[in-house]
Amino acid sequence: MVTAVRPNVVVLMADDLDVPSLNKLLELGLLPNLKRYVIDRGTTFRQAFATHPLCAPSRATFLTGQYGHNHGVRTNALPSGGVTKMDDRSTIATWLRAAGYRTGFAGKYLNGYGTDTPATYVPPGWDDWQGLVDPTTYNVYDYKLNDNGTVVSYGHAAADYQTDVLARRTAAFIDESEANDDRPFFMYVTPLAPHVELVSMAATSLDGMQYPDLWRWWIRPPERYRMVTSIGVLPLIALGKPSFNEGDMSDKPMYARLYRPALTGDDVRAATVQYRSRQASMLAVDDMVGTIASALARNGELDRTVFIFTGDNGFMFGEHRMGEKLPIYEESVRIPLVISVPGQTTARVVDQLALNNDLAPTIAALAGVTPATPPDGRSLVPLLWDGGSYVPRRQFLLEHWVQAGVTGSALIMEVPTYTAVRTTQAIYAEYYDASRAITDRELYDLKADPYQLASAHATRPILRATLDGLRKPLVACRAGTCATAENR
């Protein structure tokens, strides 16, 4: 049941965190705070997905509860996406603030924040704003932060490590909120980790135009965890996974078939460095969880706070020769999602399909708030308590658009525009060119082919037709019609 007292809400969203990486760190006991304060007293959603596996569209979906075709943030940059395409006048922040919550933000907002907007811009709905300023967002040292309208520069001292600064700022927000404890609070914190750094790495010798260059990027962990990347504590990439460095790509769409070369030994070694640096950066995120939990505990709010841990999209480490998000493959579209609610003292797991579309309506429901703009997602609150009444969705839409203006050799690194339907057991995708003509298809029976090794789009016409019939109503659904289309 939902508590009668409006709870505080803390959301921690990691960047590019794939579920296998998270599970491996948990298996090795390297995320003790996340396990203790969230997982062991929360509900883990094993079937959670990002409906557009890309940073800005996914974050807009979190804030609005809408599919990308409804909130309009279709890519990471202008003219088709990024922060300026986001209508931030109606978000989970404005809904909760209007209902009396004190709201705070710390970290990465939407791509282009500070370059396509003024660096001092504070979006509506936020009482306390600590926004990383692009392009320095993608540095863990030597970055800029908009502190409630004033841009503050951070250097390269140990205390300036980005994840740690955001953790301290989040703890300060909790302390400040509880100093005058007359209303609940909502805090949304979004570190760069484990996303690779971009600004610092661009100074290296990468030519930036060939796909294998992607393997040569990494993220620096804090100094206290630097050594764990080289002493054998962290795991290696899954070389034995059937889809790793896939040998036969003939069933794949053209972008993958022609422009995703087999990984060389050098690629695998570079990918391993990237992978382990990302894992080390997650140890600082676990410290962040501990810092937040300590702030909640010293203010007497730990047992009155909803704590949500999630990611904006997944990531791939050599599956189908890829090192990216965006594709329809499981490692790209699945996201971690754990929700801890007041009164829960043991770990629970649910297997119903959950989407990032669902987080805004779930938070609103927990806070007793009606969204000002109807979301496409649905509240997951009934799944957080045993016996809750919930109608599980049967399918959902995955969508992606090519970045407008991308041309030439950079285009080979892009994933074409697609729409796809994902059910509990299958996925079907159609790819399009600029005129919306179909250029490729993919279909996987996930029960028979869980690693998505052999597309059945040409060999299973009846299944393809069935899935296509489920996909079409989803492509243009809005608000209440999305729930109907997801349950046909």
Side-chain angles (χ1 to χ4, degrees), residues 8-19 21-42 44 104-108 130 132 137-143 145 154-176 187-197 218-231 233-235 275-299 301-302 305-312 336-338 340:
N8 309 306
V9 180
V10 173
V11 178
L12 198 171
M13 179 182 288
D15 197 337
D16 281 7
L17 176 60
D18 60 299
V19 174
S21 290
L22 176 65
N23 288 345
K24 179 58 69 173
L25 287 169
L26 288 168
E27 176 188 321
L28 294 172
L30 295 175
L31 302 177
N33 291 306
L34 180 62
K35 187 174 187 303
R36 175 184 178 185
Y37 293 112
V38 187
I39 295 173
D40 284 352
R41 50 194 287 162
T44 296
F105 173 81
K108 174 181 171 179
Q130 308 289 321
L132 290 164
T137 299
Y138 299 92
N139 265 1
V140 294
Y141 296 104
D142 300 304
Y143 54 89
L145 194 71
Y154 287 80
H156 47 269
D160 292 324
Y161 190 74
Q162 187 199 103
T163 305
D164 296 343
V165 168
L166 297 178
R168 294 196 297 270
R169 183 56 257 179
T170 300
F173 170 82
I174 294 169
D175 290 338
E176 292 159 7
M187 182 67 197
Y188 176 36
V189 55
T190 59
L192 173 66
H195 190 295
V196 297
E197 293 183 77
W218 66 93
I219 179 172
R220 289 168 290 180
E223 184 62 26
R224 63 186 179 277
Y225 293 131
R226 184 175 62 84
M227 289 302 295
V228 301
T229 62
S230 60
I231 62 175
V233 176
L234 295 179
Y275 178 78
R276 300 184 86 181
S277 75
R278 284 170 44 101
Q279 297 286 58
S281 77
M282 282 300 299
L283 305 186
V285 174
D286 188 67
D287 290 343
M288 171 185 276
V289 174
T291 298
I292 294 170
S294 294
L296 293 170
R298 68 172 169 264
N299 286 285
E301 296 296 318
L302 186 60
T305 299
V306 174
F307 201 134
I308 300 175
F309 179 82
T310 189
D312 57 350
L337 176 58
V338 189
S340 172

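Fair warning: this is a prediction, and the values are worked out from it, not measured in the lab.
With contacts defined as side-chain heavy-atom distances shorter than 4.5 Å, the pair Ser281/Tyr161 qualifies. Counting heavy atoms from C-beta outward, Ser21 and Gln279 have side chains that approach closer than 4.5 Å. Between Val189 and Met288 there is a side-chain heavy-atom pair separated by less than 4.5 Å. Contact annotation: the side chain of Leu22 approaches that of Phe309 to within less than 4.5 Å [non-hydrogen atoms, C-beta and beyond]. In this structure, Ile308 and Leu337 have side chains that are in contact, with non-hydrogen atoms separated by less than 4.5 Å. Residues Pro221 and Leu283 are not in side-chain contact: their nearest non-hydrogen atoms beyond the backbone lie 4.5 Å or more apart. Between Asp18 and Arg278, some side-chain heavy-atom pair lies under the 4.5 Å cut-off. Side-chain contact between Thr190 and Asp15: absent, with no pair of heavy atoms (C-beta onward) separated by less than 4.5 Å.
Side-chain N or O atoms of Tyr188 include none that pairs as donor or acceptor with a backbone N or O of Gly107 at under 3.5 Å. In this structure, Ser277 contributes its side chain and Ile219 its backbone to a donor-acceptor pair below 3.5 Å. Remark: the backbone N or O of Leu192 is paired with a side-chain donor or acceptor of Gln162 at under 3.5 angstrom. Panel note: side chain Thr137, backbone Lys108; no donor-acceptor pair is recorded below 3.5 Å. Proximity of a side-chain donor or acceptor of Arg168 to a complementary backbone N or O of Ala159 within less than 3.5 Å is detected. Side-chain atoms of Asp160 come within 3.5 Å of backbone N or O of Gly155 as a donor-acceptor pair.
Between the CG atom in Asn299 and the CD atom in Glu176 there is a gap of 10.5 Å [rounded to 0.5 Å]. In this structure, Ile292 CD1 and Leu302 CG are separated by 11.5 Å, a value rounded to the nearest 0.5 Å. To the nearest 0.5 Å, the span separating CG on Leu30 from CG on Leu25 amounts to 5.5 Å. In this structure, the separation between CZ on Phe307 and CG on Leu296 is 7.0 Å, given to the nearest 0.5 Å. Note that OG1 of Thr310 is 5.5 Å distant from CE of Met13, once rounded to the nearest 0.5 Å. Atom CD of residue Glu223 and atom OH of residue Tyr141 lie 6.5 Å apart, to the nearest 0.5 angstrom.
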Test log, rule side chain to side chain contact (heavy atoms under 4.5 Å, CB included), inputs Arg298 and Asp175: CA-CA 9 Å; Arg298 68 172 169 264; Asp175 290 338; 3.0 Å; yes
As a quick check of understanding, evaluate side chain to side chain donor-acceptor pair (under 3.5 Å) for Tyr225 and Asp287, giving each step before the final call. CA-CA 11 Å; Tyr225 293 131; Asp287 290 343; 2.9 Å; yes
Thr163 and Val140: CA distance, side-chain angles, deciding distance, side chain to side chain contact (heavy atoms under 4.5 Å, CB included) verdict: CA-CA 7 Å; Thr163 305; Val140 294; 5.7 Å; no
Would Leu34 and Leu12 satisfy side chain to side chain contact (heavy atoms under 4.5 Å, CB included), going step by step from the backbone distance to the final call? CA-CA 11 Å; Leu34 180 62; Leu12 198 171; over 6 Å; no
Determine whether Arg224 and Asp164 satisfy the following criterion, side chain to side chain contact (heavy atoms under 4.5 Å, CB included), listing intermediate values before the conclusion. CA-CA 12 Å; Arg224 63 186 179 277; Asp164 296 343; 2.9 Å; yes
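Shortest non-hydrogen contact noted between Pro336 and Val19 is N-CG2, 3.6 Å. For Ala193 against Val285, the heavy-atom pair with the smallest separation is CB-CG2, 3.7 Å. Here the shortest heavy-atom pairing between Asp286 and Pro32 reads OD2-CD, 3.2 Å.
Taking the six-membered ring for Trp and thresholds of 30 and 60 degrees, His195 and Tyr138 have ring planes inclined between 30 and 60 degrees apart.
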